Structures are given as C-alpha cells and as structure tokens.
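Written out below as structure tokens is the structure these notes cover.
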Amino acid sequence: MPELPEVETVCRALRSGGRDAPPIIGWQLKKADIFWAKTLAEQSPEEFSRKISGQKVEDVFRRGKFIILQLIQNFLVVHLRMSGDLRVEPDDKELLKHDRLIIWFEQGYHLAFNDPRKFGRIWLYQNIDELSARLGPEPLEIKSSDEFYQRLVRRKRQLKPLLMDQKFLSGMGNIYTDEALHIAGLHPLMNSADITPEQAKKLLSAIQQVLQTGIKRNGASIDWMYRGGSFQNEFRVYGRSGQPCPICGTLIKKITVGQRGTHFCSTCQPIPQSLQLKEMERKL
DNA sequence: ATAAACGCCTGACGGC
DNA sequence: TGCCGTCAGGCGTTTA
C-alpha cells in the first residue's frame, strides 16, 4: 500500500486499534518466526528473534513510508515497499500464504508481515535519527511554501521524479504524485527550476490536500491489494488513461516518467514552453 | 547533478 | 486450457 496515507492508516490501526484488531501498545513480544530471511535487512532470523524477545511496544508511529514500532531497547522499522501489509490477529487464526515474518505476543495475538512480492524490509534501529537523516521533510508538516519553492528551484529535475525522491520529500508515491500534479495543474515533466512561487504554493497545497484526503479515506485499495481504503474512488487521473478528465473532459494520457506509469491531463497540465521543442524533436 | 537501466519478486491480465 | 509477455502502489545500485 505503500504511500504515506496507507502507511499512516496501518500505523493508526496498530496504535489505536482498527481493521478488526486491538491496539498493540504495551504488548510484550515473545519471539519471531521468519519464513523469508531477506525480509530482515541486517539481522539473521535468530539474532532478530533474540533481540526483540521480552521487549514491549511503547509506541507506534510513521516517518515517510516507514512504520516504526518503538520498543524498550530499540526501534523496529518496517517498510512495506510494493506489496507489504501488517495484520494483528488472534493466535487461533491461520496464517496466510505470503506471510513472511510473524511476531508473537504474550497477549495471545501475533503481528503478521504479509508480502507477496518480497520487496518489503524490516530493520532494528538503535537510534531513529539515523533513519530520519536520510529522509526529506514530512509533506504535511511544511508550513512555508516559500521555503518549498526555494528547494524546488535549487534542483533541476523533472517535477514528478523529484517529488517521489524520498530525500527531497518523504511519503509521496506514484499515485499521490500524479493526483497532486493534476490538482496543481503542473506537467509531470516540468523542470523544477522553472517553477514560479505561485505554482510552488499551489503544488504544496495540492500535495497536502491529496494526502489529507487519502488519510481520511484510510488510503486507497487497488485491484487484488484490497486493504479497506476508499481513496481509489476519488482518483482524478491515476489509472484513468483514456477516460475524461473530471475538470475539463479531455482524455487522460499515460506516459512513462522515471520508469513509472504517469497519468495526466494535457489541458489542465499543459506542457511547459521549455519542453515543447524537445517534444517536437521526439516526433520528427 | 541528473537520469536511465536494471534487479529484486509474485500475481493478474490480455492476446494467441 | 495453457503459455507468454507486460504490467504493478518502491527503492537501491550501477552506468551513462
């Protein structure tokens, strides 16, 4: 599920209960069973299980797309990548096909990390600042659009890959970036150095708007990756190529940008002057 | 400094 | 029905 609103939804369920499960705060970890060793980024299964056993969950929070379980001694950090999910279930419930790692609690429940594509990773951190240092700011915590403008202009990158760069901004993925660029009326290939202060302001507020709506809808559920969210019903461009733009009716286009499928409206998000020449060269 | 290509994986889908 | 290519919410590494 793996963008900020989906990760936030998982975190809230772990912290406060939800998705038919009780909160895990205060629970004591017994041991871990690992069925796909590469899920652990650094430890061996034995070392991991030994290091977590006997600890308690003090808090659960999110940083970018990372889920962080604060234990007594260290931080258990989870990244869902493309297909990961976390479930809290009573021990009498059977495990599922793609469960890669299970953490057993003394309370008669377990936390299951399910991940069909095996891209997800789990770490143990001593100091969570090490993780934070490698990430850009939280998009929902940026107050100054002028500062955001300055950071955009200082780079000379295509807008979409820049917004998805976790060192530039943490939490944006393919869906929410396409949606935000449509709301802001900006072309995904626009060079970040060419943005105006007005456009930067619009972009920041579009980013915050899609993320907030996404969180309110408990994220998006797509195809077979159903996880209970409903934001997919409000997509304006993502996955809608060939369908009319909800604003102007122009048919949504799909192109590839930075190896990712990119959906946009050529009327609401016109190609910048500076890119028109390159476009013509491509067609010749 | 930026950007493309590729690797990591399984499953769904469309075409034949 | 089966086989095959293509695509998918992410990101790290290597290469240009």
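The chains referred to below are lettered A, B, ... by the order of the sequence lines, with proteins before strands, and numbering in each begins at 1. Computed from a predicted structure; not experimentally measured.
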Between Trp27(A) and Tyr109(A), what is the ring plane arrangement, given parallel below 30°, perpendicular above 60°, and tilted in between? tilted

For [X], report the nucleic acid contact type (base, sugar-phosphate, nothing); a contact means any heavy atom under 4.0 Å.
{"X": "Lys97(A)", "result": "sugar-phosphate"}
{"X": "Gln166(A)", "result": "sugar-phosphate"}
{"X": "Tyr238(A)", "result": "sugar-phosphate"}

Using a cut-off of less than 4.0 Å, is there contact between a side-chain N or O of [X] and OP1 or OP2 of [N]?
{"X": "Arg260(A)", "N": "dG10(C)", "result": "yes"}
{"X": "Arg117(A)", "N": "dG11(B)", "result": "no"}
{"X": "Lys167(A)", "N": "dG12(C)", "result": "no"}
{"X": "Arg121(A)", "N": "dC11(C)", "result": "no"}
{"X": "His98(A)", "N": "dC9(B)", "result": "no"}
{"X": "Lys118(A)", "N": "dC8(B)", "result": "no"}
{"X": "Lys65(A)", "N": "dC11(C)", "result": "yes"}

Lys56(A), NZ: over 12 other non-hydrogen atoms inside 6.0 angstrom: no

Evaluate whether atom CG of Asp20(A) has more than 12 neighbouring non-hydrogen atoms of other residues, nucleotides or ligands under 6.0 angstrom away. no

Can you tell me how far [atom2] of [N] sits from [atom1] of [X], to the nearest Å?
{"X": "Lys38(A)", "N": "dC11(C)", "atom1": "NZ", "atom2": "P", "value": "18 Å"}
{"X": "Met164(A)", "N": "dG9(C)", "atom1": "CE", "atom2": "C1'", "value": "9 Å"}
{"X": "Phe235(A)", "N": "dA8(C)", "atom1": "CZ", "atom2": "P", "value": "14 Å"}
{"X": "Leu80(A)", "N": "dA8(C)", "atom1": "CG", "atom2": "P", "value": "20 Å"}
{"X": "Arg154(A)", "N": "dA1(B)", "atom1": "CZ", "atom2": "C1'", "value": "15 Å"}
{"X": "Asp165(A)", "N": "dT2(B)", "atom1": "CG", "atom2": "P", "value": "9 Å"}
{"X": "Leu162(A)", "N": "dA1(B)", "atom1": "CG", "atom2": "C1'", "value": "12 Å"}
{"X": "Leu96(A)", "N": "dG11(B)", "atom1": "CG", "atom2": "P", "value": "13 Å"}

Using the six-membered ring for Trp and the full ring for Phe, Tyr or His, decide whether Phe119(A) stacks on the six-membered base ring of dC11(C) (centres under 5.5 Å, planes under 30°). no

Pick the P atom in dC13(B) and in dG9(C), then give their distance to the nearest Å. 16 Å

Expressed as a whole number of Å, how far does the P atom of dC7(C) sit from that of dA5(B)? 14 Å

Using modelled atom types only, decide if a donor and an acceptor are shared between the side chain of Gln28(A) and the backbone of Glu106(A) within a distance under 3.5 Å. no

Ignoring hydrogens and angles, tell me if any N or O in the side chain of Gln166(A) forms a donor-acceptor pair with the backbone of Gly171(A) under 3.5 Å. yes

Wobble G-U and Watson-Crick pairs count when both distances are under 3.5 Å; given that, what is the 5' to 3' dot-bracket string of DNA chain C, with | for pairing to other strands? .|||||||.|||||||

Lys156(A), nearest nucleotide to its side chain (from dA4(B), dT2(B), dA8(C)): dT2(B)

Between Lys160(A) and Asn174(A), does any side-chain donor sit less than 3.5 Å from a side-chain acceptor? yes

Do the side-chain N and O atoms of Asn74(A) and Gln55(A) include a donor-acceptor pair separated by under 3.5 angstrom? yes

Under the 3.5 Å rule, do the base of dA4(B) and the side chain of Gln259(A) count as making a donor-acceptor pair? no

Quick check: any donor-acceptor pair below 3.5 Å linking the side-chain of Arg155(A) to the base of dA1(B)? no

Is Arg240(A) close enough and on-axis enough to Phe235(A), meaning under 6.0 Å and within 45°, for cation-pi? no

Determine, for Glu46(A) against Arg50(A), whether the closest basic-nitrogen to carboxylate-oxygen distance falls under 4.0 angstrom. no

